[in-house]
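Accompanying notes for the structure given below.
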Number of protein chains: 2
Amino acid sequence: MDEIDLKIVSTLQKDARISLKKLADICFISAPAVSTRLTHLEERGIITNYQTQIDYKLLGYPIKAYVSLRLSPKDKEAFYPYIKSVGNVVACDCVTGSYSQIITCYFKTTKALDNFINDIQRFGETKTQIVFSTSVERRPLELTPTENYF
Amino acid sequence: MDEIDLKIVSTLQKDARISLKKLADICFISAPAVSTRLTHLEERGIITNYQTQIDYKLLGYPIKAYVSLRLSPKDKEAFYPYIKSVGNVVACDCVTGSYSQIITCYFKTTKALDNFINDIQRFGETKTQIVFSTSVERRPLELTPTENYF
DNA sequence: TCAACAAATGGATGAAATTGATTTGAAAAT
DNA sequence: ATTTTCAAATCAATTTCATCCATTTGTTGA
């Protein structure tokens, strides 16, 4: 993981469909060299996958919500496979605090969200926060910090 | 936005670097046809960008946290440009509830996270939830639901 | 029935990715 | 100090892919 790898990763983060040739020009090495580095980055698990970001509103999913769930440890075994299987869920983290799970999800209607919440309440108490607006859309982590960085 | 567009979008969501030729084979249309459709999807804003997902732990950012902030309306104007400028922040949403902002962020150390929290407390009271483990890594929304969907 | 338009195909051309052979350069061993 | 070794680069050749353009198809509305 040297400077060139970092350049490759940080460039790809922002444009996953850039060609190897352009990457090669940016990094001042040849295209085959970029190709082998890329393969290594994938093999080492540093690059996990390439995702296209979609405007879910335009596709009919205007409801975004964070659902917190108070999950008792004994139910984890049942909860994890379940939450993975729900197509509306785009992320789920186990966190510190009394609400142990934070679920990020999208829905077509508030009714659908309500159905989901009713369904998961068999695992524990929930708290739902619906998104009004987004000031920072899902974006890459800044890997070459300049200012305002910790 | 027909069935073919949906196929293109849902395929690209999972593999942003797939070639037009492969997409063409999957959709049973020609490569030029995919190309024009893709351009339209980008122009219409349905596809917003192509991101490469990185294992931030492996790059030295093992701390992921959700920071909730009780932000008073009068401070929004100052807060939004600020939060955009912080490279550690990968998402920020305005939500229902007494904590009006949910910030998703990554840090190299808990100390760095602490610095960040101290810094944003000038905007209001905060509540921090550190991620222990992730059961659903950031993934695309399922656009062609089968079961377990709401 | 016949424009008129949107969108797909097919072939040609130029660009890019991949492969294999070879070279370079730095670190470890003699 | 010289040699060995290995990783990683370049170069050249081949294959694959993207784009362009002319033509065709299919649908809608006069």
Residues within residues 42-51 of chain B bordering DNA chain D, heavy-atom distance below 4.0 Å: none
Within residues 86-109 of chain B or reaching into it, pairs that qualify as salt bridge (Lys or Arg N to Asp or Glu O under 4.0 Å) - sequence neighbours excluded: A:Lys64-B:Asp93
Taking A:Arg139 for the side chain and B:Lys84 for the main chain, is one N or O donor matched with an acceptor at less than 3.5 Å? yes
Under a single-linkage definition using a 4.5 Å side-chain heavy-atom cutoff for Ile, Leu, Val, Met, Phe, Trp and Tyr, are A:Ile46 and A:Ile29 assigned to the same hydrophobic cluster? yes
For the residue pair B:Phe116 and B:Phe107, does the interplanar ring angle fall in the parallel (under 30°), tilted (30 to 60°) or perpendicular (over 60°) class? tilted
Selected nucleotide, minimal atom distance to B:Ala31 side chain, candidates D:dT10, C:dT9, D:dT19: D:dT19
Can you hop from B:Val136 to A:Leu69 via hydrophobic side chains spaced under 4.5 Å? yes
With a 3.5 Å cut-off and sequence neighbours excluded, list the donor-acceptor pairs that the side chains of residues 31-42 of chain B form with protein atoms.
from, atom 1, to, atom 2, distance (Å)
B:Thr36, OG1, B:Ala33, O, 2.9
B:Arg37, NH1, B:Asp2, OD1, 2.9
B:Arg37, NH1, B:Asp2, OD2, 3.3
B:Arg37, NH1, B:Asp5, OD1, 2.9
B:Arg37, NH2, B:Asp2, OD2, 3.0
B:Thr39, OG1, B:Ser35, O, 2.9
B:Glu42, OE2, B:Tyr50, OH, 2.5

Near DNA chain C, counting only heavy atoms under 4.0 Å, which residues of residues 4-24 of chain B show up? none
Sequence-aligned protein contact record of nucleotides 19-28 of chain C, with B where the base is within under 4.0 Å of a protein heavy atom and S where only the sugar-phosphate is: B---------
Going by distance alone, is a donor N or O of one side chain under 3.5 Å from an acceptor N or O of the other, for A:Thr144 and A:Glu142? yes
Looking only at the side chain of A:Ile29 (C-beta and beyond, no hydrogens), which of the listed nucleotides C:dT9, D:dA8, D:dT10 gets closest? D:dT10
Not counting sequence neighbours, which residues clear ring-ring contact (aromatic ring centres under 6.0 Å, His included) with B:Tyr61? List them please. none
